[in-house]
Each structure stands twice: as C-alpha cells, then as structure tokens.
Protein chains: 2
Amino acid sequence: MRESAAEATLAAELIAVMVAANATAPRILTVEDGRALPSGPFASSHRSLQSGLRAWVEERTRHPLGYVEQLYTFADRDRTSGGTRRAISISYLGLTREAPAPPETGASWQDWYRYFPWEDRREGEPAVSSSLIAPALRAWAKTAPAPWARRERSERAAIAFSLSGQAWNEEFSLQRYELLYEAGLVPEAGAAASAARAHATSPAPSLGTPMLHDHRRILATGIARLRAKIKYRPVVFELMPPAFTLLELQLVVEALAGMRLHKQNFRRLVARQELVEETGAMIAETGGRPARLFRFRRAVLRERAASGTKLPLLAQPR
Amino acid sequence: MRESAAEATLAAELIAVMVAANATAPRILTVEDGRALPSGPFASSHRSLQSGLRAWVEERTRHPLGYVEQLYTFADRDRTSGGTRRAISISYLGLTREAPAPPETGASWQDWYRYFPWEDRREGEPAVSSSLIAPALRAWAKTAPAPWARRERSERAAIAFSLSGQAWNEEFSLQRYELLYEAGLVPEAGAAASAARAHATSPAPSLGTPMLHDHRRILATGIARLRAKIKYRPVVFELMPPAFTLLELQLVVEALAGMRLHKQNFRRLVARQELVEETGAMIAETGGRPARLFRFRRAVLRERAASGTKLPLLAQPR
DNA sequence: CTCCATAATGCTCAAATAGAGCATTTCCGG
DNA sequence: CCGGAAATGCTCTATTTGAGCATTATGGAG
C-alpha cells in the first residue's frame with residue numbers, strides 16, 4: 001500500500017503560539033506589528049520539530065520556553081495567498097512568562113482578546129457578541145439556499161455562541177472563529193466573504209483585529225487547546241511567577257478561560273489537588289487582608305501522572 | 001521575525017492509524033504483512049491533508065472512513081533509516097468498522113495487542129510485563145551513570161508501568177513504548193539498543209511484534225489518543241455496528257482500554273448520558289437472558305456539544 | 001422436566017465531589 | 001475608630017462515583 005511514486009516536495013514552516021498571562025489578560029507573542037505569529041522555516045539542521053521550534057524562539061526572544069506541545073499541522077491548498085509552492089505549517093503551543101521582547105526583532109506581546117473580543121466573558125456577554133455577531137449569524141443562517149442548510153447553520157451558530165440559552169463553552173473558540181470565517185464576518189475570509197455576504201445589506205463589521213494568512217485561526221486553535229488543557233493538567237503554573245497568591249492564580253485562569261470562577265470553590269479545588277505549597281511569605285499589597293504566597297508543587301508532575309479517569313473501572317480482574 | 005531565507009524542501013507523507021474493533025480485540029489496518037501502517041505521499045492534488053488521507057485510504061480499502069482526526073506530525077532526523085531526503089510524516093487516527101481488506105492491496109487487519117502485549121490488562125497483568133519488562137526496566141534504571149539519572153529512570157518506569165503499586169493508567173501507552181525504546185528493549189531501537197543494553201547480560205527479549213521505521217511509536221500515539229478520547233467523546237460508536245447490545249459495547253470499550261469495567265456502572269453511565277436508544281429488537285444468542293439491542297443516538301453529537309467542565313464556574317458575573 | 005450457568009436488569013448504600021453562600025479575620029486608608 | 005477589600009474557614013445540599021446484592025430470562029445438560 002505504500003506509494004513508491006515520487007513524493008510531493010514542499011516547504012515546511014514552524015509557527016508558534018507563545019502564551020503568557022498576567023492578572024488582566026492572556027498575552028501572545030506576535031511579529032509584524034501584531035499582525036502575525038512568529039514563524040520560521042524548519043531547517044534541516046534541526047534535530048526534530050520541537051527542537052527546531054525551541055531553537056529559533058529562544059534565539060529570538062532570548063527567553064527559555066518551558067512547556068511546549070505540538071498543536072496542529074495545516075496544509076490547505078488555499079492557505080498561502082498566491083505563493084508559488086505549497087507549504088506545510090506545523091504549529092506549536094508554548095507557555096512562558098512575559099519578558100520584554102527585544103525591539104530589534106519586531107516582536108511584541110499582545111492581549112489575545114484583541115483578536116477575539118467575543119471570547120472574553122469575564123464581564124458578561126460583550127457588546128460585540130450580542131449586537132453584532134448574533135444578528136449577523138442569524139442573518140447568515142437565513143441566506144443558506146436549502147432548508148436543511150439553514151437549520152444546520154443556525155444550529156451550529158446557536159451551539160457555538162450560545163444563542164439559544166445554552167451554557168457558554170469557552171473551549172469552542174476555534175469553532176466560533178470558523179463560523180465567523182464561513183459567514184464572511186472576518187476580513188481574512190477574503191473572497192469567500194463576498195459570496196457569504198451576498199445578501200447582506202451592510203459591510204462586514206469589524207470583529208477583532210485581523211491577522212495575516214490563517215494566523216488567527218491558528219491562534220484560535222491554540223486558545224481552544226489551552227482552555228481545554230488547564231482543566232486536567234497543571235499547566236497554568238508555567239504562566240505564573242515563582243510565588244503567587246491564590247487570587248493571582250485564579251485571575252490568570254479566569255483570563256485564559258474568559259470566565260469568572262467561584263473563589264472559594266476554586267481554592268478548594270487547588271487545595272484538594274495539592275497543586276501548591278506555601279512559601280511561608282505573605283504579601284500585603286492586595287487591597288485587603290494580606291495573602292499567603294504559594295509556589296507550584298513540582299512534585300505533582302511526577303505523582304499525578306494519573307489523569308482523571310472517567311471509566312467505571314473494575315477493581316479486580318473478574 | 002519571519003525568516004525569508006530559503007526554506008527547507010522536503011517530502012511529506014500521510015500515515016494512517018485505522019482502528020476497528022470487535023468484542024475480543026481492537027484491530028488496526030496494516031500493510032507489508034503486518035509490519036507497517038498504511039502510508040502514502042501527500043500529493044499536491046489533495047485539497048487538504050485530511051482530504052488527501054481520506055482519498056487514498058478509501059481508494060485502497062473501498063471503505064468509507066467515518067471519524068478521522070489528525071494525530072501528530074513526526075520529523076525527527078533519525079526517523080528515516082538512511083533515506084536520502086528528510087521526510088515529514090503527518091499521522092491521522094481513523095475509526096471504522098472492519099471490512100475484509102482487498103487482498104491485492106497487501107493490507108490486513110491485526111490485533112493491536114500483537115504489537116503491545118503489555119497493554120492488555122483485561123486478564124490482569126500479563127506475564128510479559130511482570131516477568132520480562134519489570135525486571136528489565138529496573139536493571140536499565142540501575143545502569144544510568146549518574147545517581148539522579150538512576151532515580152529519574154526508575155521513577156519514570158514506575159509511573160508508566162505501575163511498578164510501585166500505582167494504579168495502571170491505560171493512557172500512557174506512548175510513554176511506555178518510549179521507555180522500552182530508550183531501554184533498548186524493542187528491536188526498533190537499533191543502534192540505541194546496544195548502548196542502552198551495554199551492561200545487560202541477556203539479549204533483548206521479544207516484546208511484541210516490531211514494525212518498520214517508527215510505525216509502532218505512531219501506533220502507540222494513536223492508542224493513547226483513542227484511550228483518552230473515549231472517556232469524554234462518544235467516539236466508540238464509530239466502531240460499533242448499527243445495532244448492538246450493551247455488553248457488546250462494553251466489550252469494545254474494554255478491548256480499547258485494555259481493562260475491565262464494572263458492568264452495572266458502565267450501563268448507568270451510558271444511560272445517564274443518553275448515548276443510545278432501544279431499537280425495539282432483542283437478541284437471544286447471548287448465552288444468558290436475551291439482551292435488548294440499541295443504536296447510537298446521533299443527536300447527542302449536536303446536543304452534547306458541551307463537554308465536561310471542571311472549572312468551578314461562577315453563575316453570575318460578579 | 002428440573003437444575004444450572006450465564007447474562008440482562010433493577011436497585012441500594014455510602015463515600016466523594018461539585019455548586020452556592022454565609023461568616024470571620026486582617027490590614028489599609030481615612 | 002470605621003468602612004472597604006480580600007483572605008480564609010465552614011456549612012449544606014444535590015450530584016456523581018464506586019461497589020455490590022437481588023431478581024429475571026434463556027438455553028443446555030442431566
């Protein structure tokens with residue numbers, strides 16, 4: 001079954017979604033004045049994909065990146081806008097702490113909600129969502145030619161954006177972006193947009209800052225992955241300073257998830273899982289009662305190799 | 001930050017981990033007499049990676065593949081054994097039902113535990129694990145030069161193979177294979193093996209059937225992904241016939257997980273999530289009381305877009 | 001024809017978790 | 001000394017798990 005025919009020859013690039021976070025917002029490393037994600041060629045000198053990525057990100061940001069995982073590989077034909085050769089992009093998600101980007105590199109850290117304003121629900125549903133997106137998607141659903149397509153569109157829109165009273169699911173960031181793309185509501189859609197908006201009366205509203213190529217889609221993929229991951233792996237700590245208060249930790253998680261959490265229950269969760277230990281120090285600049293400082297208990301990375309099982313296991317082999 | 005230097009040119013191949021299952025064992029589609037996973041070049045005629053994969057798998061197996069998802073992209077330099085050019089392999093996980101493989105294609109379905117005998121714990125710990133693997137890994141840990149390396153090795157081995165009383169985690173199939181590879185206990189390790197076993201007195205024991213290149217590693221990746229996925233997405237049903245009994249469903253899940261499940265609790269789980277509905281028919285050839293036949297409720301794919309939240313959400317924005 | 005092994009199904013009970021909130025404590029800035 | 005803002009401690013109830021017992025149906029063996 002293996003083809004011995006000549007294999008296609010193409011270019012491969014590595015592309016990084018580097019995430020940092022502070023109490024206010026998650027931040028991502030960008031280039032080109034915030035319009036692109038950092039990317040570089042996959043050179044043959046690299047031992048592996050991941051080491052290739054580490055090499056050039058660290059070279060450019062002079063900043064060790066802690067946690068790195070492969071995100072997704074993209075290769076749709078219409079990815080490159082008029083490029084000569086087909087390219088494969090292998091994307092990675094990396095977690096670090098924000099350090100000033102060396103200005104000569106053209107790199108800068110940006111609030112990720114700048115690109116996805118509808119993803120931030122910490123203060124409730126943002127205006128852009130209720131006033132622009134919801135009506136635009138409903139209109140888009142109506143313009144489908146076939147009845148089943150209309151139903152399919154409105155159903156997808158309802159699920160992704162909780163249009164019919166469903167609970168908001170913060171992990172659907174990719175589906176939401178793809179829906180806006182299909183509906184021609186983001187400028188990246190380009191040609192597709194005109195077709196999708198054929199029946200629309202108004203021009204495309206501005207939904208967040210666009211990016212070059214499909215970088216915003218890749219970023220949405222990274223957001224979805226990270227939002228899912230923080231729930232079952234202690235990766236948030238890669239984004240935290242060595243010592244932090246529980247409120248600081250909660251604020252970072254809230255920033256990533258784009259949702260508010262119940263303070264006492266959040267603390268109980270962290271405590272029960274023994275994710276942190278006290279440093280012994282306190283910090284007073286909290287605006288209220290001084291808070292204890294904690295550090296991540298690195299040991300859990302070894303101990304709790306075990307993830308949460310959901311299968312009703314049988315204790316004894318029957 | 002974007003490099004404008006010439007990008008590396010390389011070949012890309014698609015490689016499939018096609019999984020089916022019966023009540024006894026999960027099965028995977030292989031070529032080359034069971035020694036390789038089906039793979040093919042990523043041709044420029046393909047619209048996207050996924051459509052390229054679908055195209056040639058369906059062409060060869062004449063079999064529609066239902067669920068397909070991207071697995072991982074491999075590109076380590078020492079992947080290809082002496083190949084001329086560097087290759088990138090983009091692997092996919094696909095779920096189907098087993099259909100006789102057209103013999104002219106050289107394809108065949110194989111029990112996946114043939115390649116990973118230590119992964120099947122349905123009848124308790126298999127002999128190969130306790131009698132071969134455990135002692136070999138302990139010995140390997142001892143041969144590390146530095147004390148910290150010895151501790152690191154034995155700790156990793158203990159977690160992956162539950163050597164110190166930890167609960168077995170079926171999702172660690174990849175880590176287990178990688179450990180055996182590092183320890184030179186699988187023939188694929190090749191050159192690395194001799195170094196790792198420098199101090200061993202006996203030759204490498206035979207641990208499962210080997211595969212060409214790094215295909216067994218890719219298969220282990222697929223197993224890990226599938227074992228994790230069945231816990232939070234209703235993907236098992238892609239492997240089931242149109243109608244099935246609850247025991248059949250359970251046996252397939254057990255085959256995939258390599259572990260026994262508690263029957264009543266498994267049924268309760270399926271019932272509570274409303275994953276299935278009765279067909280109305282019964283089947284008598286069960287060896288006991290006749291069983292009801294069920295079918296998958298496809299509607300859940302839309303309804304239950306919501307996955308399980310673990311974050312202690314706050315109902316009202318404060 | 002009865003007994004039995006094998007499953008399918010129904011139910012129960014206790015322990016562990018998750019969801020919501022109330023109550024106190026402690027420090028800061030008037 | 002007082003009010004505001006957080007940090008912390010606890011409580012209470014509703015679910016969800018983990019383990020098992022009990023009952024019901026069939027086919028086959030004696």
Side-chain angles (χ1 to χ4, degrees), chain A residues 23-24 167-168 230-232 243-254 257 259-295 304 306-318, chain B residues 23-24 167-168 231-232 243-254 257 259-294 304 306-318:
Chain A
T24 313
W168 176 260
I230 52 174
K231 293 181 182 170
Y232 62 97
F244 48 84
T245 68
L246 292 180
L247 179 60
E248 285 165 352
L249 181 63
Q250 179 177 350
L251 288 173
V252 168
V253 174
E254 290 183 343
M259 303 183 80
R260 291 289 188 194
L261 303 183
H262 183 284
K263 183 193 272 198
Q264 296 92 322
N265 291 349
F266 176 78
R267 283 158 187 251
R268 177 172 64 186
L269 192 76
V270 172
R272 190 171 52 76
Q273 302 194 130
E274 303 182 290
L275 295 172
V276 299
E277 62 194 0
E278 294 186 37
T279 65
M282 305 277 286
I283 189 173
E285 303 86 54
T286 56
R289 171 175 170 174
R292 283 184 248 234
L293 282 174
F294 294 84
R295 75 169 73 90
R304 270 220 321 164
S307 67
T309 175
K310 282 269 187 59
L311 293 177
L313 291 180
L314 195 62
Q316 304 305 322
R318 49 169 181 247
Chain B
T24 314
W168 175 259
K231 293 181 182 169
Y232 62 96
F244 48 83
T245 68
L246 292 180
L247 180 58
E248 285 165 352
L249 181 63
Q250 180 178 349
L251 288 173
V252 167
V253 174
E254 290 183 343
M259 304 184 80
R260 291 291 187 191
L261 304 182
H262 183 285
K263 184 193 270 197
Q264 296 91 323
N265 290 350
F266 176 79
R267 283 159 186 250
R268 177 172 65 186
L269 192 76
V270 173
R272 191 171 50 74
Q273 300 193 134
E274 302 182 291
L275 295 172
V276 299
E277 62 194 358
E278 293 186 38
T279 64
M282 307 275 287
I283 190 173
E285 304 85 55
T286 57
R289 172 174 170 175
R292 280 185 253 234
L293 282 174
F294 295 85
R304 271 219 320 163
S307 66
T309 174
K310 283 266 188 60
L311 294 176
L313 292 180
L314 196 63
Q316 303 306 320
R318 47 171 182 245

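Note on naming: letters A, B, ... go to the chains in the order of the sequence lines (proteins, then strands), and numbering restarts at 1 for each one.
Rounded to an integer number of Å, the gap from CG of B:L249 to P of C:dA7 is 17 Å. Atom CD1 of A:I283 is separated from atom C1' of D:dA7 by 13 Å (rounded to the nearest Å). Residue B:L313 contributes atom CG, which lies 7 Å from atom P of C:dG19 at whole-angstrom precision. The nearest whole Å value for the distance from the NZ atom in B:K231 to the C1' atom in D:dT16 is 17 Å. Atom C1' of nucleotide C:dA7 and atom CZ of B:F294 are separated by 14 Å, given to the nearest angstrom. Summarising the geometry, the separation between CD on B:E254 and C1' on C:dA7 is reported as 14 Å, rounded to the nearest angstrom. The interatomic distance linking B:F266 (CZ) with C:dA7 (P) rounds to 16 Å, in whole Å.
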**Step-by-step side chain to side chain contact (heavy atoms under 4.5 Å, CB included) determination, B:V276 to B:F244** = CA-CA 10 Å; B:V276 299; B:F244 48 83; 4.0 Å; yes
**Request:** Show your working on side chain to side chain contact (heavy atoms under 4.5 Å, CB included) between B:Q264 and B:H262 and close with a plain yes or no.
**Result:** CA-CA 6 Å; B:Q264 296 91 323; B:H262 183 285; 3.2 Å; yes
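Both A:N265 and A:M282 lie near DNA chain D, and the one whose nearest nucleotide falls closer to the 5' end is A:M282. The residue among A:L293 and B:L269 whose nearest nucleotide of DNA chain D lies closer to the 5′ end is A:L293.
Between A:K263 and A:L247, the shortest heavy-atom contact is CE-CD1, 4.4 Å. Minimum heavy-atom separation, A:T279 to A:F294: CG2-C, 3.7 Å.
Between D:dT8 and A:R289, no contact under 4.0 Å exists linking OP1 or OP2 to a side-chain N or O. Applying the 4.0 Å criterion to OP1 and OP2 of D:dG9, one finds that A:R292 has a side-chain N or O inside that range. OP1 or OP2 of D:dA7 lies within a sub-4.0 Å distance of a side-chain N or O belonging to A:R267. The shortest distance between the side-chain N/O atoms of B:K263 and the OP1/OP2 oxygens of C:dA8 is below 4.0 Å. Checking the phosphate oxygens (OP1, OP2) of C:dA18, a side-chain nitrogen or oxygen of A:R272 falls inside 4.0 Å.
Residue contacts for B:R268: at a heavy-atom cut-off of 4.0 Å it reaches a base atom on one of the strands shown.
Nearest to the side-chain atoms of B:Q264 among the listed nucleotides C:dC11, C:dG19, D:dG9 stands C:dC11. Nearest to the side chain of B:P290, among D:dT8, D:dA25, C:dG10, sits D:dA25. Minimum atom distance to the side chain of A:H262 is reached by C:dG21, of the listed C:dG21, D:dT17, C:dT17.
Looking at B:L311 and A:M259, their side chains never come closer than 4.5 Å, going by heavy atoms from C-beta outward.
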